[in-house]
Structures are given as C-alpha cells and as structure tokens.
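Here's the structure we're looking at; comments come further down.
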Amino acid sequence: MDKFLIRGGKKLKGEIKISGAKNASLALMPATLLASGKYELYNTPNLKDVNTMIKLLSSMGVTFERNNTTLSVNTFRVNKFEAPYEHVKKMRASIYVLGPLISRYGKAKVSLPGGCAWGPRPVNLHIEAIKKLGAKIEIDRGYIIAKAKKLKGAKIVFDIQSVGATGNTLMAAVLAKGSTKIENAATEPEITNLIEMLISMGAKINGIGTTILEIEGVEELHPTSIKTIPDRIEAGTMLIAGAMCGGKITITNCEPKHITSVLLKLKEAGAKIKISGSSVTISAPKIIKPVDVTTEVYPGFPTDMQAQWISLMSLAKGNSKIIDTIYYDRFSHVPELQRLGANINLIENIASVTGSKKLTSAKVMSTDLRASAALILAALAAKGVTEVFRIYHLDRGYEEIEKKLRSAGADISRVASEEY
Ligand code: EPZ
C-alpha cells in the first residue's frame, strides 16, 4: 500500500485544474443502461471509484473506451442484470444500477451496500421508492432482488433528501408508464447533471434544480453525449489548502456557483476570494478566523467538506463548532487530526475546535475519502514531515492529488509502504 510523505509549511501558489465530478460520473455511467447504443461522457475523472463502476458495468456487458477525459460507453450488449457483492462492498454508488435495470429490463439483483468507514449507509429510501413504482422487491441473503413487468408512475415523497435515492428513482421513473412526482428530491448539482443527461436521452422531466420533480414516462430513450460537471468537493478541498498554507492559488475548470456556501465561509474565515468565469483565486488570510459550520443538503455547506473544514479551523485564532446533520458519525478524521496537534472535542455529531497557531507532523492513517483529504490539508500546514498511510482511500475520489498539489508548491510525494 502507498503512503504520502508531506513536508508541511510550504506556501502554495499557482494553478490547480479541477477534474470532473466523481459523484456525477457515478450517476451518469449507470444511466447508459437505459438505452442501447454509444455514449460519450466528457470530463470523466480518472478515479478508483470510476474504474470500479467501469468494472461493475463491464460485468453486465457494457464496454468502455477512455480517451483522456472522454469515456466512450457502448451498451449494445448488456446481458447481465446483477451487481455482485464484491463490487458493491467497494463502492456504495453501485446501487445506482438498480433504477435503470428495473426500469429497462424489469429485473435486477443488487447487493445491499453494507456500511462504510463511518457507519451504516441505509438504502431503504431507494427500495421504498422503486416499490412504489410497482416493482416486487425482496431481500434475500444480502441481495435486493427486484422484478417488474412494467413500472407505473407514482407520487413519491422522500422524508429526507437523498442524492442516491433521488437518482435511482429518476432512472426508474423515466421509462415507467404514466407520470411520477417526486417531492423532497435532492437538488445537488450531480442530480441536475443526471437530469440534463436523461432529458438529452429523450426523458420528460420538469422541475430541474428544485425539490419537486415531475417525470412523464416515455416508451424508449436514446443514447447521448454529456459533459460531467466539475467536482465541487475537489474544488472546495483545494481552496481550503490555499487558505491553510498561506500564499495564493487559482483553481480552474470549476463551477463557482456550485460552491457558494464554501466560498462564503472561506470569506468569513478571512480569505480573499476572486471569481472569474470557471476560475476561483484564493489569497490566504494572515489570521484564520474561527467560523462555525453546520452541514446541510445543497445548496448548504456540504457534508463532504466537513472534515476539510475541521482541518482549517484547527489553525483558526479562536473556537468554532462544526455540526454534521447529514451523517452523525462521520468523524473518523478527528482522532487522526488530534495526532497532528489539533484540539478537537467531539460530542455526538458536534466537533468543538479550539484553534491553535500550529500543527505538528506525525504518522496518521486514512480511514475514508474525505477524512484522508482532511489529513493531507493538515499535513500541508504542519511543521515537519507527516506520513499519511492507506492513501488508497484518496485515490477513490481525488485525481492525482499529489501532482496537483506539487504543481502549486507543496512538498508531497507518494511512496510504497510495507507498514499498515
Ligand atoms: C451521496 O451519497 C454522495 N455519494 C456522498 O459523497 C455524499 O456524502 C452524500 O450524497 C450526501 O451529500 C455519491 O453521490 C456517490 P444520501 P448518498 O442518500 O447518495 C440517509 C463522497 O465522499 N439515507 O444523500 O449515499 C443517509 O444515511 C461521498 O464523495 C437513508 O437514511 O447519500 C444520509 O444520512 C460520501 N436512507 C442521508 O440520507 C436511504 O435510503 C443522505 O444520504 C438513503 C440515504
């Protein structure tokens, strides 16, 4: 397994290009199951999770060709309708095949995702919604077994906003007979990107960008080509790196309007932000001001930025409170950040951070994707050389992170590690 060696304290300056959004690609790729033919998915990031989705869809008969960031997809020969445990346990987003399979082929066998590094990740909302559309669903030895002659439109009201459940329900409803109304739908940009793709395939969907989606089922869809939106979480992560390490960095190929909540908080923390088109420049504050954050569904402050914000606040001049209302137990980064000298008191889903002037290097362990990002950020600012182990977690969702950070002046290198 690899580890990162990071010598902290270097000022960052220069440009960092943002890749396509992991969480958009993981929805756009299974959407190709909805119609046979050839697709071009532009700006697709080269990530472990994308490759896991490629393996899963290939096991169903889908073929792929990658040319730089364009992923060509061919769904002429889909002949299997199962998402086996070995794929799903690696990546929860594999559940996204359920909606298109049941809607296009009337059958699906998808492993339950189980938990992840920070706790249970239920899929009850996905199952209930697809049942409401007329599918027969049973859970058998860890698998969701779904069958349906023809799905029928229905009214679906989610009691909580769920990105995945909204995506799966959309992909089930577009080929159902009649109309479907989804209330309390997720409005994350990745869902908007999926809706754009479905509409360009011939789907009839109203309410894009809102919590009320109305879908008129159609007989058939056709392939399309679509551009994946920029990764707003990578963008936010890199901006926090700029805020923590002093200096000034510009992120390019991003969508500033997708990170408004993060930009506002960075300004409150004293950073200077300049937006021009698809670029954002951040000048680090001399003193980082303490800023409380409570994660919310979009357009609120994203839970996927919670860990990175705690890293920033560990260097603030004063105390701050970070509350995660989406995942109550998504704090596996806290004990590792404490090893780097961060002063954090965690009670349930509330992290109280007492900022300090500096962090110090240590050996730390990645536990999940965004927790690992938080460790990298802290290590970039910590005095001395930090070793971050199990960085395969990072490779799931950050394309060539060490190259991108090195291009802005960071002293970070990837080395093989026998330890851990
Ligand atoms: C998506 O996960 C993202 N993943 C996550 O990003 C992100 O943290 C999450 O949305 C929230 O924004 C992808 O898009 C691939 P949810 P998803 O369904 O769809 C509860 C990353 O780091 N819930 O919106 O799985 C759930 O437990 C990943 O890139 C149910 O109770 O998240 C959570 O508390 C991590 N039942 C809340 O809803 C369900 O059936 C929101 O989850 C589904 C969800």
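Values reported hereafter were calculated over all heavy atoms of this structure, with side chains retained and with hydrogens, waters and symmetry mates removed. Positions are given from 1 along the sequence.
Within 6.0 Å of NZ on K248 lie no more than 12 heavy atoms contributed by other residues, nucleotides or ligands. Other residues, nucleotides and ligands place more than 12 heavy atoms under 6.0 Å from the OH atom of Y143. Within a 6.0 Å radius of NZ in K10, no more than 12 heavy atoms belonging to other residues, nucleotides or ligands are found. Around CD of E220, the count of heavy atoms belonging to other residues, nucleotides or ligands within 6.0 Å does not exceed 12.
When only modelled atom types and interatomic distance are considered, D324 and T295 share a side-chain donor-acceptor pair under 3.5 Å. A donor-acceptor pair shorter than 3.5 Å cannot be found between the side chains of E190 and N193. No hydrogens or angles considered: nothing links the side chains of D231 and S19 as a donor-acceptor pair under 3.5 Å. For the residue pair T237 / Q308, a side-chain donor-acceptor distance below 3.5 Å is found, with atom types taken as modelled.
Taking CD of E196 as the start and NZ of K227 as the end, the distance is 11.0 Å to the nearest 0.5 Å. One finds the NZ atom of K90 at 11.5 Å from the OH atom of Y85 (value rounded to the nearest 0.5 Å). Remark: R104 CZ to L151 CG distance equals 13.5 Å, nearest 0.5 Å. In this structure, the separation between CD1 on I156 and CD1 on I215 is 7.5 Å, given to the nearest 0.5 Å.
Judged by distance alone, the side chain of N349 and the main-chain N or O of Y328 form no donor-acceptor pair under 3.5 Å. Formation of a donor-acceptor pair under 3.5 Å by the R339 side chain with backbone atoms of M365 is not found in this model.
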Enumerate, atom names and distances included, each donor-acceptor pair closer than 3.5 Å involving a side-chain atom of residues 370-389, sequence neighbours excluded.
{"unit_1": "R370", "atom_1": "NH1", "unit_2": "Y398", "atom_2": "OH", "d": "3.0"}
{"unit_1": "S372", "atom_1": "OG", "unit_2": "S366", "atom_2": "OG", "d": "3.4"}
{"unit_1": "S372", "atom_1": "OG", "unit_2": "D368", "atom_2": "O", "d": "2.5"}
{"unit_1": "E387", "atom_1": "OE1", "unit_2": "K3", "atom_2": "NZ", "d": "2.5"}

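At least one side-chain heavy atom of S179 sits under 4.5 Å from a side-chain heavy atom of E216.
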